[in-house]
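Some notes on the structure that comes next.
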Amino acid sequence: MGFDESRRRSLLKMTQAAGMLAVGGLIWSAYIYEAKATSLLLLPPGAKQKDEFLKSCIKCGMCVEACPYYTLKLAKPLDNLPVGVPYFTPRDIPCYMCKDVPCVNVCPSGALDKELLTDNGRLDVNKSRMGVAIVDTKNCIAYAGIQCDACYRACPLIDKALYLEYKRNDRTGKHSFLLPMVDNDVCTGCGKCERACVTEIASITVLPRDVVLGKMGTNYIKGWDKQDESRLKDASTQINKTSKDKATDYLNSGGDL
Amino acid sequence: MKYRFLILRRVVQVGILVLFFVGNFSWVSIAGKNYGVYQGDTSVFIEDSRNLAAGESKITNRAMHFFQGNLSSSKIFGVIPMSDPLAVAQLFLAGGALALDIYIGLIVVLVIYGLFLGRAYCAYVCPVNLVVDFAAYLRRKFGLNTLVKQIHIGRNAKYGILFLTLVLCFIFGIAVFEMISPISMLHRGIVFGMGAGFFGILAVFLFDFLLLKNGFCGHICPLGATFSLIGKYSIWRVKYNFEKCTQCMQCVQICPENQVLHNVGRKSAVIDGMACIKCGRCIEVCNDNALTYGIANLIKRRQNEV
Ligand code: SF4
Ligand code: SF4
Ligand code: SF4
Ligand code: SF4
């Protein structure tokens, strides 16, 4: 079989098309990976776990339209979230924790999930976990001994999510510190505290929970707390093999210390 | 009238955009003053450091709520849901647990476009059509169609890109075309504010204007590909009459998917290429009434195919 010019050309064309598809796919993938990974923005109340949320939100903006306080925005390109996803910036407009949660009620896709906010068949917006407030103790003026309780007063769950800890101020010997403290378990991440903070840049900031919250793991148990032991239930029973080396060997000839 | 379908298309297209736009319009009254809020832009009173919570909450006009949402998913009169079939396919493959509303919306769209309208979405609804039609107009004006050397991207590339889209959704667990779609960017931009999405639209315009005639919609857009596939057997068609044709080939010149007009100059036929966007441009430019809108006879077409 000799060379057939047209067959050769069509083969070439097919290879080119496949090549272009591959290169395009590669660049696209890199972008997707990047945009999915980086996000410090807060999702609306009732949002599913971030991964699940991104799989379900159809980016219709109905939640944005439903919010009576213009809290929610849809991400635009370069906004650090996949384009079109709803988010809010508490320093501009926090979530006002509407009792009837209109944004969740209107969501057609289930990305904002009523179940997550339902307690005994009742909608309870305080079950939302949009983020968690973190206090910058170096810049918060209350930690400097100046009286301020702006965030504390603003918190809809005052004394539960945000409470004050009283401490004696050794510098003055008299005034006491009234230090804002956040209870991670109760804070909803509504951001009313961040909005209210009087410092130039807010000294109390709401961040996504998965970004800031730690995890104690099963190596540490609070022995004085009976409940805490329940965490051991899922602990791995695999035991790490201990080294056969003697301690002196390890100290003297541990080459790659 | 020469431009009757062009005018009809612009009226429908812009009308839909306006309805979505006013659906999202609202106003608030703070300290006795009324502020209108377009695209959710509150800077007028926020910078005044007037807190919303101090005023009454926003007032929306129910009567203006003809459309809620956007082209990805919407509700008409707050009742009939519609969802973008490509967006749903992407989310489905990404593994999302979608609520019933979305699937009902999908069925509504599949019925309307699958049975009747076919790819007419591209000509009568999609806002990017405004951009690419403008680019095509400028190309004709500046005579670029003959001058500029074109890059080569096949007409079928859009189906390849559709396939790639779906595969990437499955791999990455996210709706990947939605992340770069100029269609959503533009439409969302008009309803909710544009931001950097502007550059996405500009890219489409420049691509069509400088690089490739009917480049985006004709060769790349996976949403166009989706509506082509859905509307393969839709009954609203353009029909061609060989007897009346003087073979001026104006229709082939203007058609954004001119491969579907392959029967022009050869034999009378229903234009049944699925890529036809049913814009009616060919009907308008034909001075000999050789082209008309019509309803395809399904049974007859089946027999022709066999
Ligand atoms: S709960 Fe209310 S204030 Fe908060 S985002 Fe939803 S609609 Fe807006
Ligand atoms: S209403 Fe639901 S689907 Fe629509 S943008 Fe908001 S979260 Fe996404
Ligand atoms: S974000 Fe701030 S205001 Fe809201 S619940 Fe948490 S501590 Fe309170
Ligand atoms: S409002 Fe700001 S400065 Fe005042 S106590 Fe709270 S965090 Fe500190």
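Throughout, protein chains are lettered first and strands after them, A, B, ... in sequence-line order, and every chain is numbered starting at 1. Worth saying up front: this structure is predicted, and the values here are computed from it rather than measured.
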Quiz item: Quick one: what part of A:C63 sits under 4.5 Å from any heavy atom of chain B, side chain, backbone, both or neither?
Solution: neither
Quiz item: So, the side chain of A:E194 versus the backbone of A:A133: is there a donor-acceptor pair under 3.5 Å, distance only?
Solution: no
Exercise. Look at B:V191, B:D101, B:V88 and state which one has the largest set of heavy-atom pairs under 4.5 Å with chain A.
Key: B:D101
Exercise. Examine whether an atom of B:S83 lies under 4.5 Å from a heavy atom of chain A, and if so say whether it belongs to the side chain, the backbone or both; otherwise answer neither.
Key: side chain
Quiz item: Among B:G160, B:A97, B:A87, B:A175, who wins on heavy-atom pairs under 4.5 Å with chain A?
Solution: B:A97
Practice problem: Go through the steps to decide whether B:E257 and B:K158 satisfy the test salt bridge (charged side-chain N to carboxylate O under 4.0 Å, His left out), and finish with yes or no. | Solution: CA-CA 12 Å; B:E257 293 278 355; B:K158 50 184 177 280; 3.4 Å; yes
Practice problem: Assess whether atom CZ of B:F207 is packed by more than 12 heavy atoms of other residues, nucleotides or ligands within 6.0 Å. | Solution: yes
Quiz item: Would a distance-only check, ignoring hydrogens and angles, find a side-chain to backbone donor-acceptor pair under 3.5 Å from A:R91 to A:C197?
Solution: yes
Quiz prompt | Residue B:Q259 excluded, over 12 heavy atoms near CD under 6.0 Å | solution = yes
Quiz item: Non-hydrogen atoms of chain B under 4.5 Å away: do they reach the side chain of A:C107, the backbone, both or neither?
Solution: neither
Practice problem: Check each atom of A:L74 against the heavy atoms of chain B and say whether the ones under 4.5 Å are side chain, backbone, both or neither. | Solution: side chain
Quiz item: For atom CZ of B:F92, is the number of surrounding heavy atoms from other residues, nucleotides or ligands below 6.0 Å larger than 12?
Solution: no
Self-check item: Under 4.5 Å from any heavy atom of chain A - which part of B:M185
Solution: side chain
Quiz item: Which bit of A:K55 is near chain B, if near means a heavy-atom gap under 4.5 Å: side chain, backbone, both or neither?
Solution: both
Exercise. Report, as yes or no, whether the 6.0 Å neighbourhood of atom OH on B:Y103 holds more than 12 heavy atoms from other residues, nucleotides or ligands.
Key: yes
Quiz item: Does any heavy atom of chain A fall under 4.5 Å from the side chain of B:L71, the backbone, both, or neither of them?
Solution: neither
Quiz prompt | Per-residue contact mode, A:V106 against chain B (heavy atom under 4.5 angstrom) | solution = side chain
Practice problem: Output yes when a side-chain donor or acceptor of A:K192 lies under 3.5 Å from a complementary backbone atom of A:P94, and no otherwise. | Solution: no
Self-check item: Toward chain A, the part of B:L168 with a non-hydrogen atom under 4.5 Å
Solution: side chain
Exercise. Pick whichever of A:K48, A:K59, A:K73, A:E65 has the most heavy-atom pairs under 4.5 Å with chain B.
Key: A:E65
Quiz item: Side chains of A:K127 and A:D119: does their closest heavy-atom pair fall under 4.5 Å?
Solution: yes
Quiz prompt | Proximal component of B:I171, with respect to chain A [non-hydrogen, under 4.5 Å] | solution = neither
